[in-house]
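Each remark here refers to the structure printed beneath this line.
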Amino acid sequence: MIRYAKPTSVDEALALLGEDAWRILAGGTDFYPAQGSKPVRDNVLDINGLAALRGIAETSDHFVIGARTTWTDIVRHPLPPAFDALKQAAREVGSVQIQNVASVTGNLCNASPAADGVPALLVLDAEVELRSVAATRHLPLQDFILGNRRTALLPGEMVTAIRVPKPSGTSAFVKLGARRYLVISIAMVAARLVVEDGLVSDAAVAAGSCSVVARRLAGVEAALRGLPVDGGLADAVLAATMAELSPIADVRGSVEYRLDAVREIVARAVLAAVGRTTGDEVAAA
């Protein structure tokens, strides 16, 4: 017999997870389309009654984003400029109606290569909080998403929060799609730069939809560090190695197109992060 449960506390949810296998239902914006017309054959654990898991809290050294926090919550919450890329990504997730109910954590757990939230969280050095009845552990986001639709969740665990160490710098997000709204990404990029005395003292850049999981681009980051922000950033991006990327060809674009396009939107995101463009302008000739 298929079971349905809607716990009212996190402890109750963890107890249920400890005694049986469940499919967790949060916003449902991925759950229902994936189900289609097929009958539900899994136990369903509906966490929408867990008020404790919704919202953004600030500790002495972290911002903590609860597992039920929606994209609209991200957009509306006052956050430092380093979070601008995440706010921009939030506005690109489906429609406003979807943003109102879809959870940021669900975007991670769905583990799509085209998940818009992942690059923006990667450049924030985010980690995922995983809880079970027995223990709580924290994993860097890059270690949590293992592949297409695969995560490091263990039996009996659920994601309860995303933790972001208090970041510095400014950031931007650029997404390429076949149309302006309601589109799966051909490629998307987040960039966060820290500028001191007119020079890039630190850089974090990540690209999605161009490999099995979104990746930080270490070669680009290294090429940007130490450069003045008054010029040369786009040229550095265009010349940098992007060995982490291994895009596939599909109906949205060929391998060659993605590799050319992602280099251009990395340059746009970098320039937008330091206020040199809006992110929509051509970054380099």
Side-chain angles (χ1 to χ4, degrees), residues 17 22-31 33-34 47 53 62-71 74 83 85-86 88-90 92-94 98 102-132 136-165 167 171 173 175 184-192 204-218 220-221 242-248 250 252 258 262 266 269:
L17 285 169
W22 296 84
R23 188 176 172 193
I24 295 177
L25 171 64
T29 57
D30 286 315
F31 183 102
I47 66 168
L53 295 186
H62 283 84
F63 288 93
V64 181
I65 302 170
R68 286 191 53 245
T69 303
T70 68
W71 292 108
I74 294 290
F83 281 86
L86 185 62
Q88 290 160 7
E92 298 285 351
V93 178
I98 289 173
S103 66
V104 183
T105 295
N107 194 243
L108 306 186
C109 291
N110 192 46
S112 165
D116 288 323
V118 177
L121 287 167
L122 283 175
V123 301
L124 289 169
D125 298 317
E127 63 181 20
V128 179
E129 180 180 274
L130 304 160
R131 288 184 60 186
S132 67
T136 299
R137 63 189 181 116
H138 299 97
L139 274 182
L141 177 56
Q142 61 190 5
D143 296 332
F144 174 70
I145 301 177
L146 303 178
N148 187 14
R149 314 295 180 183
R150 295 193 302 116
T151 71
L153 268 171
L154 298 176
E157 283 186 329
M158 67 180 290
V159 178
T160 50
I162 301 165
R163 289 160 43 95
V164 177
S171 68
F173 175 83
K175 174 175 176 173
I184 298 174
S185 294
I186 296 171
M188 71 278 201
V189 170
R192 177 175 63 87
V205 181
S209 210
C210 288
S211 47
V212 176
V213 298
R215 299 286 191 192
R216 286 278 293 267
L217 303 181
V220 174
E221 294 172 356
M242 296 187 183
E244 298 87 354
L245 302 183
S246 53
I248 63 169
D250 59 16
R252 291 185 294 278
R258 276 194 165 94
V262 73
V266 168

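For the numbers below, each heavy atom of this structure counts, side chains included, while hydrogens, waters and symmetry mates do not.
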What's the separation between atom [atom1] in [X] and atom [atom2] in [Y], rounded to the nearest 0.5 Å?
X	Y	atom1	atom2	value
Ile145	Leu122	CD1	CG	7.0 Å
Met188	Lys175	CE	NZ	7.0 Å
Asp125	His62	CG	NE2	10.0 Å
Ser211	Arg258	OG	CZ	10.5 Å
Leu121	Ile74	CG	CD1	7.5 Å
Ile24	Met158	CD1	CE	5.0 Å

Under 3.5 Å, is there a donor-acceptor pair between the side chain of Glu244 and the main chain of Ala218?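 Present.
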
Could you tell me whether the side chain of Ser171 and the main chain of Arg192 form a donor-acceptor pair under 3.5 Å?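 No: the side chain of Ser171 does not pair with the backbone of Arg192.
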
Cut-off 3.5 Å, side chains only: do Asp116 and Ser185 have a donor facing an acceptor?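 The criterion, which ignores hydrogens and geometry beyond distance, is satisfied for Ser185 and Asp116.
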
Would you kindly say whether Ser132 and Glu157 are connected by a side-chain donor-acceptor distance under 3.5 Å?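 Not at all, the side chains of Ser132 and Glu157 share no donor-acceptor pair under 3.5 Å.
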
Is the shortest side-chain heavy-atom distance between [X] and [Y] below 4.5 Å?
X	Y	value
Trp71	Val104	yes
Arg23	Phe31	yes
Thr105	Ile162	yes
Glu221	Arg216	yes
Leu86	Phe173	no
Thr136	Glu129	yes
Arg137	Leu154	yes
Cys109	Val159	yes

Ile248, Ile186, Leu245 screened by side chain to side chain contact (heavy atoms under 4.5 Å, CB included) with Cys210, the one that passes: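 When side chain to side chain contact (heavy atoms under 4.5 Å, CB included) is applied between Cys210 and each of Ile248, Ile186, Leu245, only Leu245 qualifies.
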
Checking side chain to side chain contact (heavy atoms under 4.5 Å, CB included) between Leu130 and each of Leu153, Thr151, Thr160, which is the one that passes?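 When Leu153, Thr151, Thr160 are each tested with Leu130, the side chain to side chain contact (heavy atoms under 4.5 Å, CB included) holds only for Leu153.
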
Identify the heavy atoms of Val118 and Leu141 that sit nearest to each other, and give their distance.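 Where Val118 meets Leu141 most closely, the heavy atoms are O-CD2, 4.0 Å.
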
Going by an N to O cut-off under 4.0 Å, is there a salt bridge joining Arg149 and Asp30?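 The answer is no: the pair does not qualify as a salt bridge.
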
Validate the cation-pi geometry between Arg163 and Phe63: distance from NZ or CZ to the six-membered ring centre under 6.0 Å, angle to the ring axis within 45°.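 Verdict for Phe63: no cation-pi partner in Arg163.
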
